[in-house]
Structure formats: structure tokens, C-alpha cells
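Note sheet for the following structure.
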Amino acid sequence: MCGIIGAIAHANVVPVLLEGLLRLEYRGYDSAGLVVTNHGLQRVRTTGRVTELSKLVAQQRAQGLAGIAHTRWATHGEPSERNAHPHFSGEISRIAVVHNGIIENHEAIRSHLINKGFKFSSDTDTEVIAHLIAFNLEQVTDLFQAVCLSIAELQGAYAIAVMEEAHPERIVVARNGAPLLLGIGKSGNYVASDTSALLQTTRDIIYLEEGDVAELSSRGYRIVNCLRNHLGEAVERAVHESHLSNEAIGLGPYAHFMQKEIFEQPSAVANTLEMVFNAQSISPNLFGSEAEEIFSSINHILILACGTSYHAGLVARYWLETVAGLPCNVEIASEYRYRNPVTDPNTLVIGISQSGETADTLAALNYAKKLGHQYSLAICNVPESALIRQTDLRFLTRAGPEIGVASTKAFTTQLASLLLLTVTLAKMRHKLSSEDEQRMIASLRHLPVALQHALQVEPQVRIWAKRFAQKRHALFLGRGVHYPIAMEGALKLKEISYIHAEAYAAGELKHGPLALVDSEMPVVAIAPNDQLLGKLKSNLQEVHARGGELYVFADADSHITQGENLHVIRLAEHAGLLSPILHTIPLQLLAYHVALERGTDVDKPRNLAKAVTVE
Ligand code: M6R
């Protein structure tokens, strides 16, 4: 999704802006641009990558002591240079705006401004903001007030940064619904939509709150909450020291971030479970100081999430129901937020999100609260995210920054966290003996090693990938707790290789999808040695009998024999409850190697963004 970086300092800020944009590239974008104060506002934009923007900036000798820059992921208007940010308003003293998010009432404001004589040169909702600020600037004395007046008229979720040609000594920024952070430096001040873009300059970070408008100069800043405080009194916001490591964001010896992140899973899971490794028993306090009280008051779980995080929730439902005896609903956040569900106040609502900024997940969680759900828990990978700040309880997946758009280590660490939650709740509900608890702790301690073993199937998967790369469609089958893993495998494949892939609960095969099976439709099956293996084998027979080509991920003792049109890769061990976590690995590797074969952009698949901060 779109990214913002702005800087105002005592030296040329162009290198900071370009480096910031590079750090934001992982979010996904289709155009990039910047504005700097250089005897007026100098703008450079391109539909190319940030490296292309850097070349243009050098050719046009763009430099200045203040500037704002942006990577755009198109929502309103095609990806093109004229739709790329920053957008201008005015000819004599121009306003420049960069913007993340969506302005929902942009059409009404656009018509109003056209009637007032403003001319539009793009199809974006952002240009509406630029003209609106310019219009309001005619009614008040300075840009700060004009931004405050303007945001009162905007509906939707947004983060903006604004500059005015006549006053190059300041940048005004505002947030409402989309993240925006200030970086407080020694020789300048900065703004960005993501901490990773700021670390090059400072670790002192301020998280702006909803309705905050801030003015930055090279020497200082002030913040006002314009939605709550129309008198314009300054508000205090704490300065946090960010502990995000710079190396964690680098690629190291790997060709792609996705590859790096797949291979980081043993350590990511070990970091996530570290506090359990050193403990003799599992304590609810892992989820927050109020967890014991809240966990003993609940009798139902509701999980809200999107995409891969939703798949983690589906796996957790099996665990929570089977091990903890707790009824559990898992809902796609974008669906839940527009339903009228029956509520039970003794429900624990769990938001799962890698980024903690997914607009639908945040909105669904708020909606659940409005409906009367009183207890909430975040399972999230970003300590500084909106989700973490919105829930009563929280558990951090300590996967480290996930840069590849396709989620990998976030998923397995989410699963590890959800299993920990299951064990905690099962113990509190007297569904788990202390021997069982000890066995679970031992299995969790072993999990990083088991993941390491699972990664060793890579050479075999690479051979399969060559065959897959020629195909246009694929089916993924699983049963029980491995059905969501089949869904995750299909999502990974379609997301980065652009091969159409569908997942089915294997028992559903003969209710429709079997009609698709022929030699051109590879069928991937997740076949661990669990209680549903016998049933799954019958389903595989149905495929085999119709000339389908089967690719089976089994366990060492699954007793499935390789044969004509039946290929088998075995994981070294069957991990019982932890099996879905291990069976995720070969599916991620398959998607990765198929994408490599097909030459797609593995880390930044077309049309997708890392953090989906708009609805
Ligand atoms: O940051 P989140 O976990 O909330 O993101 C949710 C989805 O957008 C995300 O999992 C998406 O499906 C991934 N790109 C899949 O690999």
C-alpha cells in the first residue's frame, strides 16, 4: 500500500527521502514521487520503481532542505504519472500533498471545488485534499489552520503530509485512520507511514493519534488534536525508542525476502515461544496482566482476520474446540464488519494480523466492541501497530519484520501463538492434565528443530516446481485441521506465481470440483498421518482413478506409495497437534520455487500490497 516519508532538516533531504521510499517499497506500489523546496516546489514523479525516481531526481538536480515523498498503490485512478503523488493545488503559491488511505466523500468535495473554480489534473482523491486545503487557506492565516479546517470535512481513513511553497520552513501532517509517525532527530525532523523508513535518521518515534495534526520544522514540532480540540491547544505525545533492528530489514545472503523469511521460521518461532522454553508451566500472563481474569470469564471465541491471518484463525478453531473445549467462530473481517451477528458478551474477540494495520481487521474489531463484546486480544507482529493499541490483551509474534508481500513466518508464528493460547485456555478450563501440559511444552520446545527438518525437503520441492510452472490451474486438498493449510498453500501459489489455485476440503471433491480433474490439473494433497488419513486416501483414489496427477505431502509413516501420477514428499516426523505448522513449510517452498520458475516478482507480486490499510 501507499507509503509516506517527509523530512525537514539543516541539510539536503533528498537522500533521506529516497532511502525512505526504498524502505517502504515492500508495501507494494505502482508509482513514486517527491517534492522538495528548491526556489519553489520542485516535483519529480514516475510510474517506475524508486531507483528510476532516483535517476530522475539526479538528472533534474532536485534538492532542498524540506520535502515529502510517496509510493502510490492505485485506488482512485490508474497507475500513471499524472495520478502519482505529490499532488499540487494553486499556481502562485502552491500546496503539495501526499496521502495514504481513501477519502470517501471525495466526489462531493470535488464538485464543490469545481464550482469554486478549481481545476483538477488527476483522477485521485488526493488532489481533492490539495485543493480543499488551498481553498481553506484563503479563509485562514496559515497552513496549519487550513489543514485542521480541511480534515474536519474529510470522511474516510487517511494520513497526509502537506507543504506550502510560500513557507518552505514547515511540513504539516495529519492522521485519521491510517498510521503516521514522527521521527524526532538531532539535525532535523521526519514523518513516515512506517517505522522502517525513519530508522535511517532516528529511533525516537512519536505515534500520532486519530485527529492529530502536527507541524514540523527543522528545529521542532507541535501537535494539536483538531478533531477533539478546536481551540488548537498543543497535545503531548510520548516519544518511544524503536527497537526495530536495521539488519532485520536487509536481505543478507538470500535472493528474495520471501526466501529469507521462509528460512527464518525456526528462529522466528523460537523467538515467539522463548518465554515458554524457559518455563516449567504456561501462564496466562503471557497474554497480558488482565488475561487470567478475562480468560476465566469467557465461554466463546470470535476470531477476526484477513488473508493468511484468517487461515491461522481457521487452524486455531480446530485446536480451541478440540483441546480447550471452547466454541470458536472465525470470520473474514471484511464480511463481519457488515453483518448483524448475534453477540455474546462473554466472548473473547481475537484480532490476528501480521501488520496490525489491516483496515478491515481494525474496523471489524471496533465493530465487535460496539456490538457489546467486552474482551479483546491482539495476535500481531508489529509492536507499534494500531491493533496492539486497541485491545485489552496482546501477544506479539516475534517474527521480526516481514517484507515479502506473501506472508510466511508471520503465519507460522501466529500458529505457534494460537497453540500457546489454546494450551493456556485448556489448562484454565481443566481440560489438560499437568502431564499433558509438560508434553505440550516439550513439543513446543522441539518445534524450531522440527521446522528446520521440514525445510530440508526443498530440493525435492524444486523438482516439482518445474512441472507446476507449466500449469495454469492447481487444486489443493486437505482434511480437518489441514484443510486451512491447503487454503494457505493455494493462496501462496496464486499470490506469487499467478497460477490459479483453489483449496477444497477433500471430502467435498465429489460434490463438484472432481469434474475439473484431468492430466492438466495438478492436485496437491496434505496427507499427514492423523486420524483422517484413511478418509483422505479414499479421496486421493478418486483423483487417481480419473487420470489426475497427485502431489502428496505426507509424513514418514503415512504409508502412501509413490507411483505413476502419484508423487510423494515426506516430512521427517508426524508432529501431532503441531502438524499444520510443519506442513505449511513445503507449501511455501512450492509457491516460492514455482514463482522463480515463472520469473514473477516474488516479493512484490503484481496488484498486491503488504499492509492493506484501505478497505
Ligand atoms: O497484516 P495482516 O496479517 O492483517 O494482513 C492480512 C492479509 O492482507 C495478508 O495475510 C495477505 O493475505 C498476505 N499477503 C498473504 O500472503
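Note that ligands are numbered from 1 as they come in the structure, with each ligand's atoms numbered from 1 the same way. Computed from a prediction, not measured in an experiment: that's the story for all the values here.
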Geometric cation-pi criterion, Arg598 with Tyr498: 6.0 Å, 45°
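The answer is no; the distance or angle limit is not met.
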
Plane angle bin for Tyr207 and His240 - parallel if under 30°, tilted between 30 and 60°, otherwise perpendicular
tilted

Parallel, tilted or perpendicular, judged at 30° and 60°: which one describes the rings of Tyr254 and Phe263?
parallel

Name the residues with a heavy atom less than 4.0 Å from ligand 1?
Cys306, Gly307, Thr308, Ser309, Ser353, Gln354, Ser355, Thr358, Val405, Ala406, Ser407, Leu491, Lys492, Glu495, Val612

Identified side chain to side chain donor-acceptor pair (under 3.5 Å) counterpart of Gln354 within the set Thr408, Asn381, Thr308
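For Gln354, the side chain to side chain donor-acceptor pair (under 3.5 Å) check succeeds only for Asn381.
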
Is the closest side-chain donor-acceptor distance between Thr397 and Lys409 under 3.5 Å?
no

Is there a donor-acceptor contact under 3.5 Å linking the side chains of Glu458 and His593?
yes

